[in-house]
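In what follows, a single structure is set out as structure tokens and then discussed.
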Amino acid sequence: MGVWLKNGMSFNKDGELMRTHIKIEHGTIAAILYEQPLEANEEDVIDVGGRLIVPGLIDLHVHLREPGGEAKETIETGTLAAAKGGFTTVAAMPNTNPAPDRKEQMEWLQARIRETARVNVLPYAAITIGQKGEELTDFAALKEAGAFAFTDDGVGVQSAGMMFEAMKQAAALDMAIVAHCEDDTLTNGGAVHDGEFARRHGLAGIPSVCEAVHIARDVLLAEAAGCHYHVCHISTKESVRAVRDAKRAGIRVTAEVTPHHLLLCDEDIPGLDANYKMNPPLRSREDRDALIEGLLDGTIDFIATDHAPHTAAEKAKGIEAAPFGIVGLETAFPLLYTHFVKTGVFTLKQLVDWLTIKPAQCFGLKAGRLAVGAPADIAVIDLETEEAIDPETFASKGKNTPFAGWVCQGWPVMTFVGGTLVWEKGRA
């Protein structure tokens, strides 16, 4: 029988924004009508009132914290936050306790996802046992158990030899190595970027080179191994240059950038507020400008939130002692739409692509497009209504954001996963 989403606006295959009706049937998109009248029974129609219809957003870098960190987030609460933010597919990082570093743990995680997730979850497996950088995991067994890719996110793989062997094994399985790039010998035990804010407050600073040197190392290793190498949360101008040069050399490297690194720099930190503490840290204005340029010229492939919830008690410890990370799933689209699309820096089509088809293409996913036969993973977004960001309304357990009070447009109002309405604004 199916359901029609009526009177939306979406991009056609030529990138033109057009009046659209979409039919959902048996979990897939059964029909798309552009600029045509719709004849359907009223009970089978959801009138979206001219709002934007996009493929469900994709976030390939989130922390759901389960198992071991359920006080911060669970698979259920994190995926509800994703649905509220318009995301229908997320990839969960493995820095949990225990980590998914063996087949049995990955099988447990997959079962937990099936039981409690509100959206599609792609679980990463750890590169090394316990993410300690000492012994590689069994890549083949973890792939068989459903691993999406391999990463030790949260820590960088310090040994070049260990990383090279990981890349060779991943390449043999046609899997990606996804890297948190940070040389531990260069971090200085810092809490913020090694810049003006750190100097003004007498804080140890994390220099840009600690990230860039790992990327420079790893792109050469990836070339030698024939591996797809993906850079997490790129943050420095030197890192952008290293990725750009590697792509020009034909190396199979992709990269992501977070909304907060596009929106903020260390000059914007108002004081010793741990909600501005993340890793990598907010860098300089020049770094932020290089990230925007890198996204626009294709050096950086897509946007990912690095959604990292923590408890209020943890963040209350202060900027030096508090853990790194902020939440991002529920605010990503409105922040980016308001501050980049509305100001003319990005087009709406570019923003949608960076959150849908671009990550899907980089990792060979079937998601990320509106097409007949594609999964009915769909978000409906209100581009007009203005609302202030209020952490107390978050579905996530984490309220740790530097964007509280920011007034934005571009708020998701409905999210469908496999044709099922999993979240609707105003409905419990």
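For the single chain, residues carry numbers from 1 onward in sequence order. Because the structure is a prediction, the values reported are computed rather than measured.
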Side-chain contact test, heavy atoms from C-beta onward, threshold under 4.5 Å: evaluate it for [X] versus [Y] and give yes or no.
| X | Y | value |
| --- | --- | --- |
| K237 | S208 | no |
| V240 | I234 | yes |
| D377 | N120 | yes |
| L264 | F403 | yes |
| C232 | M93 | yes |
| K425 | M414 | no |

Any sub-3.5 Å donor-acceptor pair from [X]'s side-chain atoms to [Y]'s backbone N or O?
| X | Y | value |
| --- | --- | --- |
| T338 | C408 | no |
| D152 | T128 | yes |
| K143 | L173 | yes |
| E73 | A71 | no |
| E211 | S235 | yes |
| N188 | A204 | no |
| T420 | V422 | no |
| E256 | H233 | yes |
| K277 | E320 | yes |
| T137 | A126 | yes |

Which residue, R248, R244, K247, forms the salt bridge (charged side-chain N to carboxylate O under 4.0 Å, His left out) with D297?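 It is R244; the other options fail the test.
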Measure the acute angle between the ring planes of F363 and H228, then classify it against the limits of 30° and 60° as parallel, tilted or perpendicular.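 Because their plane-to-plane angle lies in the 30° to 60° range, the rings of F363 and H228 count as tilted.
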Donor-acceptor pairs under 3.5 angstrom involving side-chain atoms of residues 321-333: please list them, not counting sequence neighbours.
| unit_1 | atom_1 | unit_2 | atom_2 | d |
| --- | --- | --- | --- | --- |
| E330 | OE1 | A395 | N | 2.8 |
| E330 | OE2 | A395 | N | 3.2 |
| E330 | OE2 | S396 | N | 3.0 |

Ion pair [X]/[Y], N-O distance below 4.0 Å:
| X | Y | value |
| --- | --- | --- |
| D353 | K349 | yes |
| K399 | E392 | no |
| K103 | E144 | yes |
| K397 | E70 | no |
| E165 | K168 | yes |

E104 CD: over 12 foreign heavy atoms closer than 6.0 Å: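 Yes, because the 6.0 Å sphere around CD of E104 holds more than 12 heavy atoms from other groups.
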Tell me if the NZ atom of K358 is crowded by more than 12 foreign heavy atoms within 6.0 Å.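 Not more than 12 within 6.0 Å, no.
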Full working for side-chain contact (heavy atoms from CB on, under 4.5 Å) between T254 and V231: CA-CA 6 Å; T254 55; V231 179; over 6 Å; no
Over all heavy atoms of both residues, which pair between [X] and [Y] is shortest? Give the atoms and the distance, please.
| X | Y | answer |
| --- | --- | --- |
| A360 | G368 | CB-CA, 4.5 Å |
| I75 | R112 | CD1-CG, 3.6 Å |
| A274 | K315 | O-NZ, 2.8 Å |
| I300 | L295 | O-CD1, 3.7 Å |
| C181 | H214 | CB-CB, 3.8 Å |
| I24 | A376 | CG2-CB, 3.7 Å |

Show your working on side-chain contact (heavy atoms from CB on, under 4.5 Å) between V341 and T347 and close with a plain yes or no. CA-CA 5 Å; V341 177; T347 68; over 6 Å; no
Atom pair [atom1]/[atom2] of [X] and [Y] - distance to nearest 0.5 Å:
| X | Y | atom1 | atom2 | answer |
| --- | --- | --- | --- | --- |
| I46 | I22 | CD1 | CD1 | 11.5 Å |
| F164 | L220 | CZ | CG | 10.5 Å |
| N95 | T151 | CG | OG1 | 8.5 Å |
| W406 | I389 | CH2 | CD1 | 8.0 Å |
| H230 | D301 | NE2 | CG | 7.5 Å |
| T96 | K72 | OG1 | NZ | 12.5 Å |

Can you list, pair by pair, the side-chain donor-acceptor contacts under 3.5 Å of residues 48-60, counting residues two or more places apart and other chains?
| unit_1 | atom_1 | unit_2 | atom_2 | d |
| --- | --- | --- | --- | --- |
| R51 | NH1 | V48 | O | 3.1 |
| D59 | OD1 | H61 | N | 3.1 |
| D59 | OD1 | T305 | N | 3.1 |
| D59 | OD2 | T305 | N | 3.3 |
| D59 | OD2 | T305 | OG1 | 2.4 |

Start with the C-alpha gap between D382 and T385, add the side-chain angles, then the distance that decides, and say whether side chain to side chain donor-acceptor pair (under 3.5 Å) holds. CA-CA 6 Å; D382 179 356; T385 302; 2.5 Å; yes
Ring centroid separation F416 to W423 under 6.0 Å: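 When the ring centroids of F416 and W423 are compared, they turn out to be at least 6.0 Å apart.
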Aromatic ring proximity F150/F139, centre distance under 6.0 Å: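 Distance test on ring centres: under 6.0 Å, yes.
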In terms of side-chain heavy atoms, does N400 have a donor or acceptor partner in E314 at a distance below 3.5 Å?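 No.
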Does a donor on one side chain and an acceptor on the other come within less than 3.5 Å for H261 and D306?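 There is no such pair between these side chains.
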Let me know which of D268, L282, T236 forms a side chain to side chain contact (heavy atoms under 4.5 Å, CB included) with R288.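 Per the side chain to side chain contact (heavy atoms under 4.5 Å, CB included) rule, the option paired with R288 is D268, out of D268, L282, T236.
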Assess K342 against F340: is NZ or CZ under 6.0 Å from the centre of the six-membered ring, and within 45 degrees of the ring's axis?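 Not satisfied by the 6.0 Å and 45° rule.
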I'd like to know whether S284 forms a side chain to side chain donor-acceptor pair (under 3.5 Å) with E286, so could you lay out the CA-CA distance, the side-chain angles of the two residues, the decisive distance to 0.1 Å, and finally the verdict. CA-CA 5 Å; S284 71; E286 292 77 14; 3.3 Å; yes
Would V213 and E238 count as a side-chain contact (heavy atoms from CB on, under 4.5 Å) if you check the C-alpha gap in whole Å, the side-chain angles of each, and the deciding distance to 0.1 Å? CA-CA 9 Å; V213 72; E238 295 87 357; over 6 Å; no
How far apart are the C-alpha atoms of D218 and M163, what are their side-chain angles, what is the distance that settles it, and do they pass the side-chain contact (heavy atoms from CB on, under 4.5 Å) test? CA-CA 8 Å; D218 287 353; M163 181 60 98; 3.6 Å; yes
I'd like to know whether R252 forms a salt bridge (charged side-chain N to carboxylate O under 4.0 Å, His left out) with E223, so could you lay out the CA-CA distance, the side-chain angles of the two residues, the decisive distance to 0.1 Å, and finally the verdict. CA-CA 7 Å; R252 191 182 175 193; E223 181 180 34; over 6 Å; no
For ring pair (Phe, Tyr, Trp, His ring centres under 6.0 Å), just list the numbers for F197 and H201, CA-CA rounded to whole Å, side-chain angles, deciding distance to a tenth of an Å, and then say yes or no. CA-CA 6 Å; F197 180 84; H201 292 278; 4.3 Å; yes
